[in-house]
Protein chains: 2
Amino acid sequence: MGFSNIMDSNRFSGESTLDPATDALIEARARVLGPGYRLFYDTPVHLVRGRGSHLFDVDGVRYLDAYNNVPGVGHAHPAVTEAVTRALSTLNTHTRYLHEEIVRYSRRLLATMPEHLDRVTYACTGSEANDLALRIAHRYTGRRGVVVTADAYHGNTAAVTAISPSNGDADTPTDHVRRVPAPDTYRENGTAGARFAADVRAAIADLDAAGVGVGAFIVDTVFSSDGIYTDADLVGEAVGAVHAAGGLFIADEVQPGFARTGESMWGFGRHGVQPDLVTLGKPMGNGVPISAVVARSVVSDSFSSDIPYFNTCGGTPMSIAAASAVLDVIEDEKLMTNAADVGDALRAGIAEVAGSSPMIGDVRGVGLYTGVEVVAPGTTDGDRAAARTLVNRLRDRQVLISICGRDGNVLKIRPPLVFSLSDVDWFCTEFADACAHIG
Amino acid sequence: MGFSNIMDSNRFSGESTLDPATDALIEARARVLGPGYRLFYDTPVHLVRGRGSHLFDVDGVRYLDAYNNVPGVGHAHPAVTEAVTRALSTLNTHTRYLHEEIVRYSRRLLATMPEHLDRVTYACTGSEANDLALRIAHRYTGRRGVVVTADAYHGNTAAVTAISPSNGDADTPTDHVRRVPAPDTYRENGTAGARFAADVRAAIADLDAAGVGVGAFIVDTVFSSDGIYTDADLVGEAVGAVHAAGGLFIADEVQPGFARTGESMWGFGRHGVQPDLVTLGKPMGNGVPISAVVARSVVSDSFSSDIPYFNTCGGTPMSIAAASAVLDVIEDEKLMTNAADVGDALRAGIAEVAGSSPMIGDVRGVGLYTGVEVVAPGTTDGDRAAARTLVNRLRDRQVLISICGRDGNVLKIRPPLVFSLSDVDWFCTEFADACAHIG
């Protein structure tokens, strides 16, 4: 098998020997879903139940979920279930009728953002949110050009696939897209932000020279797919260059948003920048599909005054109920503080293991987003094979993580925000053991 | 105000005098959601509860829902609520882990389709499904050209907006799109299908001449947005021409699908045609976002073997649970038969009113999809203003419908599938009264 893209780095290859029941399920699945549906791990996991940061397979075995950010407030959180049940048994229509909850939630959401971000538009997925944000930026600036990071992932519609190089070569036109390597704080220590800004400037110049012009610069402010770069103040200079050229800055908060960084609700704040558009997704509804574009009204209204946009299931009572419950739980259970404290403890534990494991080149992160560089010992060269082995050894020890980064060598550790100190202990014990058996 | 597009034909204009509480809610809503969020009716409806085919406003007033197809099995159906509650309180992850329910549901869904349609890919919205179907068709045929009906609506992503002329002039490039007027069975009696096929042939020739070529022909087989044309055998000849030119036929079943026609689960069957791709949406989860692309494996695998497509919330246990419950209810409550019987009764009742109302030019439909032409008496000219007045008079009588068609003059009557004979009686009583007070 080949690895056509980052997303496939942790892909089930079909080469392992599995038990007959798992084999049969995989075969049945392939017959109806086809080859597009990838599974994680050399030995795929057959899950039947989840609770908090733990998952359980069909044999009742307990797993530590150190990967899933969609259930931000934890698997099967009763507050979310209850809110959704209440909405579904009461009313679940669309936004062409008046409903109070969408207004209440929108005010609450906007109150977590800088004051100039005063409009929200709902959709169902992060892909839809980014697709819409691009259209708005194009309309407002009159320019189609988009600057993205070299291994970005922003979603799966045709328009958004074009700005998601991590998916491999897009099947949609990319003549309006320029890719710049993300600020690699490990290999470009101290110079990453400046080099990044210089590349963004060059991309803008190139778009200008091509007669396209820069409409938008879109960044996931923790650079999840690029390899997880979490230093503060990495993007300010680049955003300044984009604004000076008349382009808009879109902060894609699908990954860093909703308290994951442990410092604020949104990742962009760490870079001292003011986005023109902010896109939200995955953890917003804890697994209930809801996403949003938040914008400056002058930007968003320029689009929506002229161009109809209606998303049937966007902002329905059910999805708003789920999203409201998520905000409640983040506040009630102090999950932002938890993300900060537990994330620090997790990185301290991993760093301790790294001290005696030469294949760990770097441990970095913020809150509950952690990246670990797996490298050829004595170098900074990513070791994709070793990273893949490590992820699979952890899976065999019932600890679930995955991989990201250009070279597919960065461990992606991104648990639900309810991850606890005992979960950290569990993780580090198995991580140490897995490293000892490889490196 | 102007009417920039069909979707706006039934838009709240802000010109009516409303009670202070409604005024305040509309103002609060506009401050956070902006001008992109349209409301229905001169006097918007503030809903708080729904059950079956009835809705209730904030004052406890009961409305007859003769418009909403998303809650196909009825508002707040307990079977759907229960299934979703069970899934959310158990497990709701994604398709990179094994799960049995998605395999079971997929088999059940595919069993309702012709045998050659043997692959399903899940997404969250009909827009995402159509966006993906276009990418698959483009990949398989190597051609970007798309033929659509002149007032089609297929969704809201950038790529799909380009093939949705009912949204007004798209803000995305449409050089690869050719529009053909839908077969107007009212004004082209007997010749609609042949004329439609001739136009499709001309569109294919035009795409060929432009060096683009036809990749796909996409049709909502009840032509909802174009004006609701429900005769059988309208598209076979056109599909034949597309197939002969090497293009694919995409049946957009978001509107006619899931038993609405009362004859079969899918609208395309009425035209004796074999789609290469079928897209599903809205009623699939009764308001829980789930959609799908169903395809011939040779078509779908050509895409998914090479190009990664992952939809985080597509095909999750929660959305599959909702979709399974919808199929259960359609079977258990015999909703296909109900759609046929009640739909016939509804059209008979409307036709009776039409006999004494010269502004009703045509009553047509199939199952629970009905279109009524409002025309200038003695002509076949659509009367948009009269249609709008009629829709608002019905709303004042607590009967909810809307408008569609090129001229915004076709009443769109598309209730939940649980619509009953007493609902028909309610509808026809108020319809007769509303017509008598206008025409």
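Heavy atoms only: backbone and side chains are in, while hydrogens, waters and symmetry mates are out. Here is how names work: the chains are called A, B, and so on, in the same order as the sequence lines, proteins then strands, and each is numbered from 1. Computed from a predicted structure; not experimentally measured.
- In this structure, the portions of A:Pro289 lying under 4.5 Å from any heavy atom of chain B include both its backbone and its side chain.
- For the atom pair CG (A:Asp57) and CG (B:Leu91), the distance works out to 11.0 Å, reported to the nearest 0.5 Å.
- If you tally non-hydrogen atom pairs under 4.5 Å between each of A:Val288, A:Leu132, A:Thr85 and chain B, the highest count goes to A:Thr85.
- Residue A:Val45 touches chain B through both its backbone and its side chain, counting heavy-atom pairs closer than 4.5 Å.
- Residue B:Asp131 comes nearest to A:Ala158 through the heavy atom pair OD1-N, 2.7 Å, listed as atom of the first residue, atom of the second, then distance.
- With a threshold of 4.5 angstrom between heavy atoms, A:Ala30 approaches chain B through N, CA, C or O but not through any side-chain atom.
- By the salt bridge (Lys or Arg N to Asp or Glu O under 4.0 Å) test, B:Asp23 pairs with no residue at all, sequence neighbours left out.
- By the 30° and 60° cut-offs, the orientation of the rings of A:Tyr41 relative to B:Tyr97 is parallel.
- Among B:Gly34, B:Ala159, B:Pro71, the residue with the largest count of heavy-atom pairs under 4.5 Å with chain A is B:Gly34.
- B:Arg395 pairs by the salt bridge (Lys or Arg N to Asp or Glu O under 4.0 Å) definition with nothing, not counting sequence neighbours.
- Contact annotation for B:Asn92: only side-chain heavy atoms (C-beta onward) come within less than 4.5 Å of a heavy atom of chain A.
- Listed by first and then second residue, the salt bridge (Lys or Arg N to Asp or Glu O under 4.0 Å) pairs that reach into residues 83-93 of chain A are A:Glu82-A:Arg86, sequence neighbours excluded.
- The contact between A:Glu100 and chain B is made by backbone and side chain atoms together, counting heavy-atom distances below 4.5 Å.
- Interface summary for chain B: among A:Arg107, A:Arg51, A:Glu101, the most heavy-atom pairs under 4.5 angstrom belong to A:Arg107.
- For residues 117-127 of chain A, the interface with chain B (any heavy-atom pair closer than 4.5 Å) comprises A:Asp118, A:Arg119, A:Val120, A:Thr121, A:Tyr122, A:Cys124, A:Thr125, A:Ser127, sorted by residue number.
- For a residue to count as touching a neighbouring chain, one of its non-hydrogen atoms must lie under 4.5 Å from one of that chain's; by this rule A:Thr157 touches chain B with backbone and side chain alike.
- Looking at B:Val70 and A:His94, their side chains never come closer than 4.5 Å, going by heavy atoms from C-beta outward.
- The side-chain heavy atoms of B:Leu98 and A:Ile26, taken from C-beta on, include a pair separated by under 4.5 Å.
- The greatest number of non-hydrogen atom pairs below 4.5 Å with chain B, out of A:His75, A:Glu128, A:His99, A:His77, is found for A:Glu128.
- Proximity to chain B (any heavy atom under 4.5 Å) is restricted, for A:Tyr67, to the side chain, taken from C-beta onward.
- Between the side chain of A:Asn156 and the backbone N or O of B:Phe310, at least one donor-acceptor pair lies under 3.5 Å.
- The most heavy-atom pairs under 4.5 Å with chain A, out of B:Ala28, B:Pro44, B:Ser300, come from B:Ala28.
- Taking every heavy atom of both residues into account, B:Pro35 and A:Asp301 meet most closely at CD-OD1, 3.1 Å.
- Interface remark: of the candidates A:Gly50, A:Gly281, A:Ala87, A:Gly50 forms the most heavy-atom pairs closer than 4.5 Å to chain B.
- For a residue to count as touching a neighbouring chain, one of its non-hydrogen atoms must lie under 4.5 Å from one of that chain's; by this rule A:Ile290 does not touch chain B.
- Among all heavy-atom pairs drawn from A:Leu110 and B:Val32, the shortest one is CD1-CG1, 3.7 Å.
- Donor-acceptor pairing under 3.5 Å is lacking for the side chains of A:Arg96 and B:Ser402.
- Looking at B:Val84, the atoms closer than 4.5 Å to chain A (heavy atoms on both sides) all sit in the side chain, from C-beta outward.
- With rounding to the nearest 0.5 angstrom, the CZ atom of A:Arg29 is 9.5 Å from the OG atom of B:Ser106.
- In this structure, CD1 in A:Ile102 is found 5.0 Å from OH in B:Tyr37, a value given to the nearest 0.5 Å.
- Looking at A:Leu134, there are no atoms closer than 4.5 Å to chain B (heavy atoms on both sides), in backbone or side chain.
- Residue B:Arg31 holds its CZ atom at 12.5 Å from OG of A:Ser297, rounded to the nearest 0.5 Å.
- With a 4.5 angstrom heavy-atom cutoff, B:Arg144 does not touch chain A via any of its atoms.
- For B:Thr95, the parts sitting under 4.5 Å from any heavy atom of chain A are the backbone and the side chain alike.
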